[in-house]
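All remarks here apply to the structure that follows.
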There are 2 protein chains.
Amino acid sequence: MDLTESQTPIQAPVRREQTAAFSPLYQQIRQLLLQALEKGEWKPGEMIPSEFDLARRFHVSQGTVRKAIDELAGEHILIRRQGKGTFVATHREPVVRFRFLRLAPSDGETVPADSEILWCRKVRANAEAAAALELKSGDGLIYIRRLLSFRGQPTVVDDIYLPASLFRGLTMAVLTENTGPLYGLLEARFGVSMVRADERLRAVAAPEDIAELMKIERHKPLLRVDRVSYTYGDRAVELRYGHYLTDQYFYRNTLM
Amino acid sequence: MDLTESQTPIQAPVRREQTAAFSPLYQQIRQLLLQALEKGEWKPGEMIPSEFDLARRFHVSQGTVRKAIDELAGEHILIRRQGKGTFVATHREPVVRFRFLRLAPSDGETVPADSEILWCRKVRANAEAAAALELKSGDGLIYIRRLLSFRGQPTVVDDIYLPASLFRGLTMAVLTENTGPLYGLLEARFGVSMVRADERLRAVAAPEDIAELMKIERHKPLLRVDRVSYTYGDRAVELRYGHYLTDQYFYRNTLM
DNA sequence: TAGTGGTCTAGACCACGGA
DNA sequence: CCGTGGTCTAGACCACTAG
């Protein structure tokens with residue numbers, strides 16, 4: 001995989017002079033790996049070179065590469081599989097999906113979500129969206145509304161805003177023909193991998209349009225989840241407002 | 001610190017025969033460290049022995065001890081401080097507290113919580129509490145209700161259930177004279193450290209008694225947070241039902 | 001200056017998966 | 001059988017803290 005190609009190696013492993021901003025070698029390697037991922041050198045689901053190959057490429061020891069990969073694996077950006085190799089994480093694996101869809105049923109039975117795209121429009125960013133997505137007010141956004149149902153019960157309404165510049169060609173048709181998770185589509189078709197998301201949760205009274213979609217009475221309490229998602233390098237690439245009906249499901253979380 | 005005392009060392013570092021349940025050495029060390037913590041050999045806030053001392057004690061290399069500590073530090077059970085030592089995490093440090101109280105104000109300003117204990121009673125475990133706390137129905141529990149206010153606005157009502165057997169002597173008087181966080185009291189006075197918690201979030205209409213305490217109208221949407229907390233070794237030691245008013249505050253969470 | 005955690009290396013060997 | 005990640009060791013040196 002391009003091991004002989006020209007590729008900005010760390011020449012003399014940079015030992016900054018004392019008391020200057022000190023960055024350990026393995027952090028520099030971590031950054032180089034992130035850059036390679038961002039460039040798309042290895043795609044989601046693919047295997048990256050072995051630790052020894054990477055060590056040769058970056059002119060460091062295998063242990064140092066290992067520590068860099070350890071960190072990225074801890075962030076769920078890479079996935080180690082003993083005996084097989086190290087792979088780029090992908091949202092097309094269900095285990096990843098569960099990290100980003102935190103609804104679980106009150107009574108055991110896990111259940112697949114049934115997704116219906118309600119619309120997909122181009123809009124202009126208002127101040128709030130622009131601030132969250134690090135854009136300018138008025139920049140183009142793609143606005144998607146979708147409805148998730150479990151066992152036929154409409155349970156989640158998501159209003160999703162994506163920078164139009166990153167997702168040219170994302171249309172209603174593309175969305176409806178996609179079967180897997182949305183993030184899987186975004187990474188496979190547009191090369192944008194969601195790596196982290198910050199959420200803010202509140203209890204709110206159901207707005208009229210959402211109550212109608214969910215077939216519930218107005219003002220019923222809903223869990224509102226505001227999400228900003230980030231790709232490599234903490235770049236915000238999605239703003240999402242979710243309304244969750246939590247009669248049969250709950251939002252699960254673990255504090256550590 | 002008892003380095004010469006008799007203490008079940010790993011004698012011949014146990015290399016299990018092939019294909020049998022294999023546990024790496026550093027995992028065995030991790031378990032021994034957890035046992036020492038559980039025994040109270042090192043108390044919250046205290047420094048544990050250096051990596052080299054522990055290596056001698058357990059008859060392994062410093063690198064192996066280091067890897068065990070790495071894991072415990074990743075679980076926020078231990079805290080490393082370069083140049084000083086490795087310390088047992090304590091809930092009396094604000095940084096830890098924020099991991100377990102996830103409310104943040106909608107408008108910047110962070111604010112200290114003002115806690116009022118409403119009552120502290122002995123009750124018997126119902127089926128639900130018994131199941132969550134791994135007890136038998138009818139076992140003794142301490143039931144605490146408290147009210148947290150921010151800027152004078154009542155915002156959180158917590159109903160807390162603790163196994164009476166673990167917290168003998170926990171009374172209204174003890175609670176009211178405690179100034180810091182509840183978990184700080186529990187670890188300092190009863191030797192029970194909260195290490196992890198699972199939460200289930202729902203939006204609900206405010207029950208009458210809670211609406212009254214918060215001085216809000218009945219049926220107003222509240223965020224209900226059911227929590228089970230665990231100490232070392234995944235032992236459940238707290239069941240808590242929280243009702244959060246999310247007009248001015250939100251529950252923050254990061255997905256990774 | 002001494003003691004602690006943090007980094008980096010090189011080498012040996014083990015566990016796992018697949019050909 | 002080989003190639004991968006995983007473990008363990010020993011040793012050298014760096015960065016940080018405190019006396």
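Side chains are part of it too, since the values below use all heavy atoms of this structure and drop only hydrogens, waters and symmetry mates. The sequence lines fix the lettering, A, B, ..., with proteins before strands; numbering per chain opens at 1.
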Please enumerate all residues that pass side-chain hydrogen bond (donor to acceptor under 3.5 Å, both in side chains) together with B/Y230, with sequence neighbours excluded.
none
In plain terms, say whether B/K67 and B/D70 are close enough for a salt bridge, that is, a side-chain N and a carboxylate O under 4.0 Å apart.
no
B/L78 and B/V88: which non-hydrogen atoms are nearest, and at how many Å?
CD2-CA, 4.0 Å
Is there a donor-acceptor contact under 3.5 Å linking the side chains of A/T254 and B/D198?
yes
To the nearest Å, how far apart are A/L25 CG and C/dG6 P?
17 Å
Roughly, in whole Å, what's the span from CG in B/L54 to C1' in C/dG3?
15 Å
For A/R235, give me all partners under side chain to side chain contact (heavy atoms under 4.5 Å, CB included), at least two apart in sequence or on another chain.
A/E38, A/L166, A/T231
Does D/dT9 have OP1 or OP2 under 4.0 Å away from a side-chain N or O of B/T64?
yes
How long is the line joining CD of B/Q28 and P of D/dT7, in whole Å?
12 Å
Nearest whole Å is fine: how far is D/dA10 P from B/R56 CZ?
13 Å
A/Q31 atom CD, over 12 foreign heavy atoms within 6.0 Å:
yes
Can you check the A/M47 CE to C/dG17 P distance for me, whole Å?
15 Å
For DNA chain C, what residues of residues 71-89 of chain A have any heavy atom nearer than 4.0 Å?
A/Q82, A/G83, A/K84
B/K67 side-chain N/O to D/dC8 phosphate OP1/OP2 under 4.0 Å
no
With side-chain contact (heavy atoms from CB on, under 4.5 Å) as the test, would you mind laying out the steps for B/Y251 and B/L223 before giving the verdict?
CA-CA 9 Å; B/Y251 181 105; B/L223 183 60; 3.7 Å; yes
Return the CZ to CG distance between B/R30 and B/L25, rounded to the nearest 0.5 Å.
14.5 Å
Counting only side-chain heavy atoms from C-beta out, which of C/dG5, D/dC8, C/dT7 sits nearest to B/Y26?
D/dC8
When the distance from CD1 of B/I69 to C1' of C/dT7 is rounded to whole Å, what number comes out?
16 Å
Taken to the nearest whole Å, CG/A/D53 to C1'/D/dC2 is 14 Å
May I have the step-by-step check of salt bridge (charged side-chain N to carboxylate O under 4.0 Å, His left out) for A/R227 and A/D158, ending in yes or no?
CA-CA 10 Å; A/R227 173 190 293 187; A/D158 279 324; over 6 Å; no
From the list C/dT4, C/dC8, D/dT7, which nucleotide is the closest neighbour of the side chain of A/P24?
C/dC8
Show me the dot-bracket string of DNA chain D, counting Watson-Crick or G-U pairs under 3.5 Å, with | for pairs to another strand and [ ] for crossing ones.
||||||||||||||||||.
Whole-Å distance between D/dC14 C1' and B/E51 CD?
15 Å
Sequence neighbours left out, what pairs pass ring-ring contact (aromatic ring centres under 6.0 Å, His included) with at least one residue falling in residues 173-199 of chain A?
A/H91-A/Y183, A/F100-A/Y183, A/F167-A/F190
Could you run down the sub-3.5 Å N/O contacts of the protein with nucleotides 11-13 of chain D?
none

Tell me whether B/R200 at atom CZ has more than 12 heavy atoms from other residues, nucleotides or ligands lying less than 6.0 Å away.
no
Taking the six-membered ring for Trp, is the centroid-to-centroid distance between B/Y249 and B/Y244 below 6.0 Å?
no
